[in-house]
Amino acid sequence: MDYIVLLTTLFLPLLTAISCLIFWGKPNVQNYISTVGSILTFASAILLFHQVTIHDYVVVGLGGWQFPFGILFAADYFSVILILTSTLLSACAVMYASSAMDENRKSYGFFALWHFLIFGIIGAFLTTDIFNLYVWFEIMLISSFVLLALGGKRDQLEGAIKYVTLNFIASAIFLAGVGTIYSITGSLNFADLHQKAINIDAPGRLSLAGVFFFVSFGIKAAVFPLFFWLPASYHTPPIAISAIFAGLLTKVGIYAMVRVFTLIFTHDPIFTKTIILTISGLTMVVGVLGAAVQFEFRRLLSFHIISQIGYMLMGLAIFTPLAFTGVVFFIVHNILVKSSLFLVAGIVYKYNNTYDLKKLGGFYLKNPWLSIVFFILAMSLAGLPPFSGFWGKFILVKAGLEAEQYFIIAVSLGVSLFTLYSMTKIWNEVFWKKLPVFKNKIDETEEPLVTMPVNGLTKMWVPLIILTVVVLFIGLYAEPLYQVSAKAAEQISNPAIYFENVTKPAN
């Protein structure tokens, strides 16, 4: 039963994507299939999470091959928590996109590409093989590139070219790392690589492979100094696409980093942790300073994606069970909050037809409910108590104190203040100040768009409310997520447990 649930969770997005392709040119049918497929995938992820809570690991081997050969999939607490969060976000974002997305994009493959992307993300979370991880990354890359360019607008194409060029370079570096690690160990399976890396007689070559993987995953996760493609591209597609990109794509890069640097590259921990800790601090600072000077809603949020990645790297660098607990907690929080903020930006755009903060205003009076939702999400991102971001940062700071990493703690707290400044700037510009009077280019009247009715807005509100309620619940009642994050951290911190379970797949 458990391996059936795992395979169902993995292949439902693929089946949904193929079904959408069958009804090419019929957006209403694709919309229905996509919504049903997303909900079923989320339901299957819930069942898979339940199976993991019973067995700790759910492992499936395809083809009947003996370990370490063949294709293996494994769900542990870390992977299943991220799958559950990703499928919840996907289900909500599909509902949002049904109203926010234009009919032209819907007709030309949007829904199919969406589910191919989710298929790649879930596959990356479940794979136990470093080369298969490369394959899942490529599925994600191809799907995301076409989604980014879908519509063919000039800024989209410019952003897509930057995005795909840098990610192709990352893929080439990834392959170089795969070749290097295979030449050293003769294996590609994570568990087998862990065993062989312990007694490796070529630490220099192993470190070289580690550099390849860190650079590759660093590009995909947008860490300093490899981040510049992200703010140049994430603000260009329709907001529903930006939301799913913001929530998930960089987090897959962080997930891959955690896997390889806890299972394989542990032979020189002091050097590795020092490098990662330094990069985490620079990523936080550069990201938040970039956000502080922005006045375009989506670009500001895009720079904050970079900044928040630094906190996750901080937990990886501290390398203790409590730090890994903070990493898992913070990833879940950030996926939900960051995507929801993009959805808020989309609703603001629906009213005012602009993302320029200087041209916005008046939402506190015109739409107080949207103001409340933004306030919850903004304070969560800034890490103010009792919101979800506070608990993630609190766990990481506590782990830093225990490890006596005082400098990175100071950096993280300072970055939180700048994050609060950025969120306050959005609040002042979009919600608090009066709407500037300017001539509307659509109807040539002085009437601000904020007073006009917006069709389909209800379908955009429902998923945003769902995600906001989840974020609020995590903040006010953090114990359940903390407990499962701690179990994930325990598994991450004990690679021997991973080896013991992955070597016994169910066929």
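No hydrogens, no waters, no symmetry mates; every other heavy atom, side chains included, goes into these values. All figures in this text were calculated on a predicted structure; none of them were measured in a lab.
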Sidechain-backbone polar pair: Thr85 side chain, Val332 backbone, donor-acceptor under 3.5 Å: no
Side chain to side chain, Val286 and Phe303, heavy atoms closer than 4.5 Å: no
Given Trp369, Trp432, Phe297, Tyr351, the one that forms ring pair (Phe, Tyr, Trp, His ring centres under 6.0 Å) with Phe363: Tyr351
Least distance between heavy atoms, Ile122 atom then Pro13 atom: CD1-CG, 3.9 Å
Residue Ile54 excluded, over 12 heavy atoms near CD1 under 6.0 Å: yes
Cation-aromatic face contact Lys393/Phe330, 6.0 Å, 45 degrees: no
Full working for ring-ring contact (aromatic ring centres under 6.0 Å, His included) between Tyr255 and Phe78: CA-CA 9 Å; Tyr255 170 85; Phe78 188 25; 4.9 Å; yes
Gln491 (side chain) donor-acceptor with Asp56 (main chain) under 3.5 angstrom: yes
Phe324/Phe319 under ring-ring contact (aromatic ring centres under 6.0 Å, His included): CA gap, chis, key distance, verdict: CA-CA 7 Å; Phe324 289 131; Phe319 215 85; 5.2 Å; yes
Reported CG-to-CD1 distance for the pair Leu300 and Ile305, which is rounded to 0.5 angstrom: 11.0 Å
Student check: side-chain heavy atoms of Ile142 and Phe116 closer than 4.5 Å: no
Whether over 12 other heavy atoms sit under 6.0 Å from His50 NE2: no
Whether Ser144 side chain and Leu141 backbone form a donor-acceptor pair below 3.5 Å: yes
Between Phe431 and Phe374, ring centroids under 6.0 Å: yes
Check: Ser171/Glu138 side-chain N/O donor and acceptor closer than 3.5 Å: yes
Donor + acceptor pair across side chains of His115, Ser34 (<3.5 Å): yes
Donor on one side chain, acceptor on other, Ser416 and Tyr311, under 3.5 Å: yes
Ala232 backbone acceptor or donor facing Thr236 side chain under 3.5 Å: no
Tyr498 side chain near Ile492 side chain, heavy-atom distance below 4.5 Å: no
Parallel, tilted or perpendicular: rings of Trp229 and Tyr234 (30°, 60°): perpendicular
Student check: side-chain heavy atoms of Leu313 and Ile254 closer than 4.5 Å: yes
Lys350 versus Ser99, closest heavy-atom pair with distance: NZ-O, 3.9 Å
Validation row: Val348, Tyr355 side chains within 4.5 angstrom (heavy atoms): no
Side-chain donor or acceptor of Asn494 paired with backbone N/O of Ala496 under 3.5 Å: no
Expected output: side-chain Tyr96 to main-chain Leu464 donor-acceptor under 3.5 Å: no
Backbone N/O of Ile264 and side chain of His194: donor-acceptor pair under 3.5 Å: no
Atom NZ of Lys425: over 12 foreign heavy atoms under 6.0 Å: yes
Modelled atom types, side-chain donor and acceptor of Ser380 and His333, under 3.5 Å: no
pair Phe125-Val80: side-chain heavy atoms closer than 4.5 Å: no
Shortest non-hydrogen separation from Val288 to Val415 and the atoms involved: CG2-O, 3.7 Å
Donor + acceptor pair across side chains of Trp114, Ser143 (<3.5 Å): no
Atom of Gly310, atom of Thr283 and distance for their closest heavy-atom approach: N-CG2, 3.8 Å
Ser86 versus Ile121, closest heavy-atom pair with distance: OG-CG2, 4.3 Å
Any Ser302 side-chain heavy atom under 4.5 Å of Phe342 side chain: yes
Contact check, side chains of Lys398 and Leu322, non-hydrogen atoms, under 4.5 Å: yes
Spacing of Thr278 atom OG1 and Phe224 atom CZ [to the nearest 0.5 Å]: 10.5 Å
From CG (Leu48) to OG1 (Thr41), nearest 0.5 Å: 12.0 Å
Atom pair CG/CG of Leu84 and Leu89 - distance to nearest 0.5 Å: 11.5 Å
Val135 backbone acceptor or donor facing Asn132 side chain under 3.5 Å: no
Whether Phe119 and Phe11 hold their rings parallel, tilted or perpendicular, with breakpoints at 30° and 60°: tilted
Donor-acceptor contact below 3.5 Å, side chain Ser388 vs main chain Ile474: no
Geometric class of the Phe265/Phe261 ring pair [parallel <30°, tilted 30-60°, perpendicular >60°]: tilted
Distance (rounded to the nearest 0.5 Å) between Leu396 CG and Met312 CE: 9.5 Å
Nearest non-hydrogen partners of Cys92 and Pro463, listed with the distance: O-CB, 3.0 Å
Parallel, tilted or perpendicular: rings of Phe174 and Tyr134 (30°, 60°): perpendicular
Pairwise distance CZ(Phe190) to CD(Gln195) - rounded to 0.5 angstrom: 15.0 Å
